[in-house]
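Not measured: the values here are computed from a predicted model. Sequence lines set the chain letters: A, B, ... in the order given, protein chains first and strands last, and positions in each chain run from 1.
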There are 2 protein chains.
Amino acid sequence: MWGDFVKKIPSIGEAEWQVMEVLWEKGQATFSEIRSALREHNWSQTTIHTMLTRLIKKGAVAIKEGTSPYLFYPLVSREECRRHETLAFLRRVYNGSVKLFLTNFVNDVDLSDEEIDELLKVLEKCKTSEHSHEGGK
Amino acid sequence: MWGDFVKKIPSIGEAEWQVMEVLWEKGQATFSEIRSALREHNWSQTTIHTMLTRLIKKGAVAIKEGTSPYLFYPLVSREECRRHETLAFLRRVYNGSVKLFLTNFVNDVDLSDEEIDELLKVLEKCKTSEHSHEGGK
DNA sequence: ATCTATATTCTACATTTGTAGTATGCAGTT
DNA sequence: AACTGCATACTACAAATGTAGAATATAGAT
């Protein structure tokens with residue numbers, strides 16, 4: 001379905017994901033901005049730097065050319081990362097089946113009827129709204 | 001009901017999960033049974049053994065007392081593991097919001113209207129059926 | 001008792017990830 | 001020039017995980 005020429009989404013760890021969130025939120029940011037956005041995590045500066053470095057090496061982040069205090073920005077979108085993680089997760093835990101996921105999850109975790117109603121609404125909307133990617137099988 | 005004794009669900013890696021699947025499927029199994037069930041993975045025997053050992057150490061698997069060719073069996077249910085993984089996943093990737101998950105995911109990945117209908121049905125059923133769990137959190 | 005095949009244990013190594021100390025570079029101030 | 005602070009780099013270490021070789025135990029066949 002996605003052919004062989006799919007952009008390879010790098011794997012992003014739990015803590016790294018936090019850093020990415022900041023970048024996705026801000027679009028771009030200097031180190032101090034990132035640091036202060038992550039203030040509550042009480043990570044040492046070097047820790048954050050290490051993560052940025054690794055994210056760069058992985059191709060998830062880049063530094064805008066010629067910026068003095070470096071401006072970091074994401075090279076992969078939150079959407080593609082989410083999709084990637086989601087597919088991996090479903091494959092791993094639910095045999096790749098969204099249906100199985102919903103069935104089990106909604107049973108396991110107590111979702112209130114209100115929440116279920118919300119989900120129903122969301123799904124309904126998705127259905128009616130045409131997703132026009134026909135792109136042949 | 002379980003008060004503070006919340007059973008701690010161990011973290012289970014991707015490959016380890018495969019081993020657990022076998023155990024969940026069979027209920028219990030000897031090493032050779034497990035091995036042959038995982039045949040297609042082309043893992044060396046020791047690899048599988050290592051995983052079993054680690055799963056035991058983690059408290060995810062146990063050996064039935066006094067069985068000659070050891071009988072391994074799961075100590076944690078697929079359901080609780082799934083719940084655990086799911087919550088962690090949602091927290092990590094979707095800010096803990098199922099709604100966000102559905103919205104994004106259904107948009108990102110092309111779900112056919114049929115699939116959406118199926119999901120709708122599943123959700124509807126969940127709503128009407130009493131879920132008599134006590135609320136957790 | 002010996003051999004052999006399967007069962008079980010021990011040890012090892014690379015990679016990924018979280019975490020962080022230390023060191024150096026550079027710019028503005030004294 | 002020296003000092004002070006932030007910016008950036010280099011190095012390190014432990015835990016988790018995937019992967020597997022080597023060694024030993026043990027039961028049944030010879």
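Rounded to whole angstrom, the span from the NE2 atom of A:H49 across to the P atom of D:dA12 amounts to 19 Å. Between the CD atom of A:E33 and the P atom of D:dT8 there is a distance of 12 Å, given to the nearest Å. What separates CD1 of A:I63 from P of D:dT8 is a distance of 8 Å, to the nearest Å.
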Distances under 3.5 Å between protein N/O atoms and the N/O atoms of nucleotides 15-22 of chain D, please, pair by pair.
from   : atom 1 : to    : atom 2 : distance (Å)
D:dT17 : OP1    : B:S11 : OG     : 3.2
D:dT17 : OP2    : B:K58 : NZ     : 2.8
D:dG18 : OP1    : B:E14 : N      : 2.6
D:dG18 : OP1    : B:A15 : N      : 2.7
D:dG18 : N7     : B:R54 : NH1    : 2.7
D:dG18 : O6     : B:R54 : NH2    : 3.0
D:dT19 : OP2    : B:W43 : NE1    : 2.8
D:dT19 : O4     : B:R54 : NH2    : 3.3
D:dA20 : OP2    : B:S44 : N      : 3.4
D:dA20 : OP2    : B:T47 : OG1    : 3.2
D:dA20 : N6     : B:T50 : OG1    : 2.5
D:dG21 : N7     : B:T46 : OG1    : 3.2

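Cluster partners of A:L71: none. The rule joins Ile, Leu, Val, Met, Phe, Trp and Tyr whenever side-chain heavy atoms lie under 4.5 Å apart, and it links nothing here.
Chain A approaches DNA chain C within less than 4.0 angstrom (heavy atoms of the protein), and the contacting nucleotides run 5' to 3' from C:dT17 to C:dT22.
A:R35 has a side-chain polar atom (N or O) that falls below the 4.0 Å cut-off from OP1 or OP2 of D:dA7.
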Q: Spell out protein contact along nucleotides 23-28 of chain D as letters: B when the base is contacted, S when just the sugar-phosphate is, - when no protein heavy atom is under 4.0 Å; keep the 5' to 3' order.
A: ------
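In the helix from C:dA1-D:dT30 to C:dT30-D:dA1, the end axes, each obtained as the rotation axis mapping the C1' atoms of four pairs onto the next four within a five-pair block, lie 30° apart to the nearest 10 degrees.
Remark: B:K99 engages A:E118 in a salt bridge (charged side-chain N to carboxylate O under 4.0 Å, His left out) (not counting sequence neighbours).
Within the cation-pi definition used here (under 6.0 Å to the ring centroid, within 45° of the axis), A:K64 qualifies as a partner of A:Y73.
The same ILVMFWY cluster, assembled from side-chain heavy atoms under 4.5 Å apart, contains both A:I63 and A:M51.
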